[in-house]
Amino acid sequence: MVGMLKHTLILPTGDPKLAARLLGEALEDLAVVPMLIFGKGAEAEQCVKWADQLASRTSGASFRRVIWIRENPSQEVAAVLGTLKGLSPAAVLAVVNFHQDVKAEFTSWAGLDPIELEAAFMKGDSA
Amino acid sequence: MRGCVLVSAICLSLAAQENPLDSAVTFNPGGKFTGSTLPLDRTQVLRIKVDSRALLAAYVTAPPDLKNECGRLRIAIDALLKTQRFALQHDLGMSRLAARKAAGASREEQLVMREQLSPIARERNLAFDTFRAQLKEMSLLDPALRDQLVARLLNRSDQPYADMAEVLSPFLKELERRLEKPVSTEAVLLTADWTGSDGRSRGINLEGFDNIPVVGAKPFGRLELGQDERFQAEWKAASDIGPWLEAKLQTEGTEIRKLESELRQAMSEAYEEVGREVQSLMDSWPKEPNQQALLDRFRALEARVEALKASCSTSTGGTSLGLQELSACLANLVKDGQALVVDSKTWLKDLQESISGIPKQLRTKLEGPLTRVKTAIENASATLKESYSKSLDDLRRLVVEADKLWKDVDVSSRKARRLLDEGGRPASLDTQLDLRTVPGARPETGDLVQVKAVLTKDGQGGRETVAIRVQSFQVEQFGMYFDTLHAALLAVRPTQKSETTTTQLLPGLIVNCRAGIRGWDWFNHTLAPGLGLSLSLLNFDPKKDTELGMAVNLSLFRNFLHVGYGQNLMTQDKYTYVGLNPLVLGRLAGFMR
């Protein structure tokens, strides 16, 4: 259903250490704005699809990245997530800025649409 | 002196022409008409163009939700365009950061760059939040339009936010169009007043509008009806052309048929007359018996020759005639033969004369009928020429009139179509006032025309005046022009003569040459100088019945003061005069006011 994702990192579920490392590297990259999406339902998949589209640019490199955490975070992944400032445990979607501050967060899929996702991505650019 | 008379005659003929007005002004909601003077031109018509759309839009009462929706859409579109502008700046900064990172820039350096981009990001986010806020409030937004917005956003072109604004623009235009519709509840009234030289004002009819003193205010609905009436009148005039043309052609056709009949009759009569004359001529042709008698005589002579030949033959055989008898017989024969030749020649001569006289006789006989035919043809030709020349002129005029009429009809038709397309938008408020319709007065330069526009709308206590716009125009003529007037002149004779009077109050006819200069209002309307000639009926010498005086005249202050110096054309005496026109004071006072 999701199809080809060009700007999405789907964290591996079978290797917690690798997942934690990949997540850490993605969050450290100052050239992109990361959007974390948690869960694996239809809503999550739809959001991932929209977010991946919104991360695309017709020309030039993308400045956005989607990180899809489909399963409940392992201890290692949770440890990385713990470094983020202001992330709610109930969050289904969050955008982090270059200071690892959570700038946009949603705890429900309701009301999420591409316009809201775009606004969330934009917030990740500000200090 | 003849030269003076000629000049004055020319001046009079020029001055006798109308001083027409032609101008166009525009009334807009800004409160002022464009232009402030009515330059005299070809016609005495002031065209008033009313920017009804702008005028009414300024006072429109639209449903609040429609107004709000339009406002929200405008803000949303502006916000999207602003978002796009800051997004482009931010993306440029992010591209630089990526390049520095690839070049091995430290994390600290990258952080600094991100911090520097942060204000731009904030501006962009603020603009996008504005757009989102307006979008949430929009109650009239079509869900399909929202889907289009999302599609443009997900499409991720180089300018996604500008693309979204592009989606909203047509919707805004549609709402603005709906916003302008309720103007039919408005009412506008245009009036015009003309203030003459005596300072008194009176209303002037404005086409499509009615004056306040005549009837009450008319709403737009009436204007639309008025437009229809004009349209119908134009159509009626156009349809009237058909029968007129047909009648014209029928009249001409009857005339042609009549001429044709007359010509045919004249030719028929002439033909019959010619026939009769030819028959008469044939009757008088040299008769055949003359010819027959000659033939008989010839044959008798021939018989006698034959008999003589037979006698000779007998004599040769030794019988019959002697030589003397033969000689006598031959002599008779020759004599008869000669007589026959003479008679034949005479007959031939007569015949020749008869034949050569035929053309002359024919000409004489046919002269009458041919002349009548010629006259009939000439008459017909002249009548036809005159008739068709007139018809051609009529036709040319008709074509010009029809062309103008059809142009008007075409304009009206397009107006009607536009009205239909725009679904009840009020008809054009353009109008015109015709100074020629001012009763009992002829507008002159310096007169005032005041046009007033009153906008009203339905209020709680009935119709309320929303706005009043008034503007005065001064009738003006620029350039050189002639002015004729009558004046009472106090003439003075410088030379004292016991038997004549020295001062007299006389009526005078003055022809002045005047000039109007743009921007010189005091010169044009207060000083208003005029230089020309005057003609006066003098009565200085009681012995003379008629004394005509011609003088050079100078008028000042709008013909308030006249002074002149001239000559009595009968007695060659010189005289001067001065004239005052107190009525002009009213005009001057009116202008000052």
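In what follows, every heavy atom counts, from backbone to side chain, and hydrogens, waters and symmetry copies are set aside. In what follows, chains are A, B, ... by sequence order, proteins preceding strands, each numbered from 1.
For the set B:L97, B:D129, B:D91, B:L117, the entry with the most heavy-atom pairs within less than 4.5 Å of chain A is B:D91. Heavy-atom pairs under 4.5 Å with chain A peak, among B:E115, B:H90, B:M164, B:R122, at B:E115. Contact count versus chain A (heavy atoms, under 4.5 Å) is highest, among B:P160, B:S95, B:A98, for B:S95.
Using a 4.5 Å heavy-atom cutoff, the side chains of B:R146 and A:D113 are in contact. Side-chain contact between A:L54 and B:R156 is present, with heavy atoms from C-beta onward closer than 4.5 Å.
Neither the backbone nor the side chain of B:R100 comes within less than 4.5 Å of any heavy atom in chain A. Proximity to chain A (any heavy atom under 4.5 Å) is shown, for B:F86, by neither the backbone nor the side chain. Using a 4.5 Å cut-off between heavy atoms, A:N97 makes no contact with chain B at all. Proximity to chain A involves both the backbone and the side chain of B:L153, based on heavy atoms less than 4.5 angstrom apart. For B:R132, the part lying near chain A is the side chain, with the backbone staying farther off; criterion is any non-hydrogen pair under 4.5 Å.
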Quick one, B:R114 with A:D125, criterion side chain to side chain contact (heavy atoms under 4.5 Å, CB included). Give me CA distance, side-chain angles, the key distance, then yes/no. CA-CA 8 Å; B:R114 287 303 303 262; A:D125 280 319; 3.1 Å; yes
Under the side chain to side chain contact (heavy atoms under 4.5 Å, CB included) rule, what do A:H99 and B:L111 come out as? Steps first, then yes or no, please. CA-CA 8 Å; A:H99 289 309; B:L111 266 175; 3.9 Å; yes
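Residues A:A127 and B:S118 share a closest heavy-atom pair of N-OG, 2.8 Å. Closest of all the heavy-atom pairs between B:F131 and A:I115 is CE2-CG2, 4.4 Å.
Note that CD of B:E108 and CG of A:L30 are 9.5 Å apart. Values are rounded to the nearest 0.5 Å.
Proximity of a side-chain donor or acceptor of A:S126 to a complementary backbone N or O of B:A121 within less than 3.5 Å is not detected. In this structure, B:R124 contributes its side chain and A:M122 its backbone to a donor-acceptor pair below 3.5 Å. For the pair B:R107 (side chain) and A:E28 (backbone), a donor-acceptor distance under 3.5 Å is present.
Residue A:K85 places its NZ atom among more than 12 non-hydrogen atoms of other residues, nucleotides or ligands, all under 6.0 Å distant.
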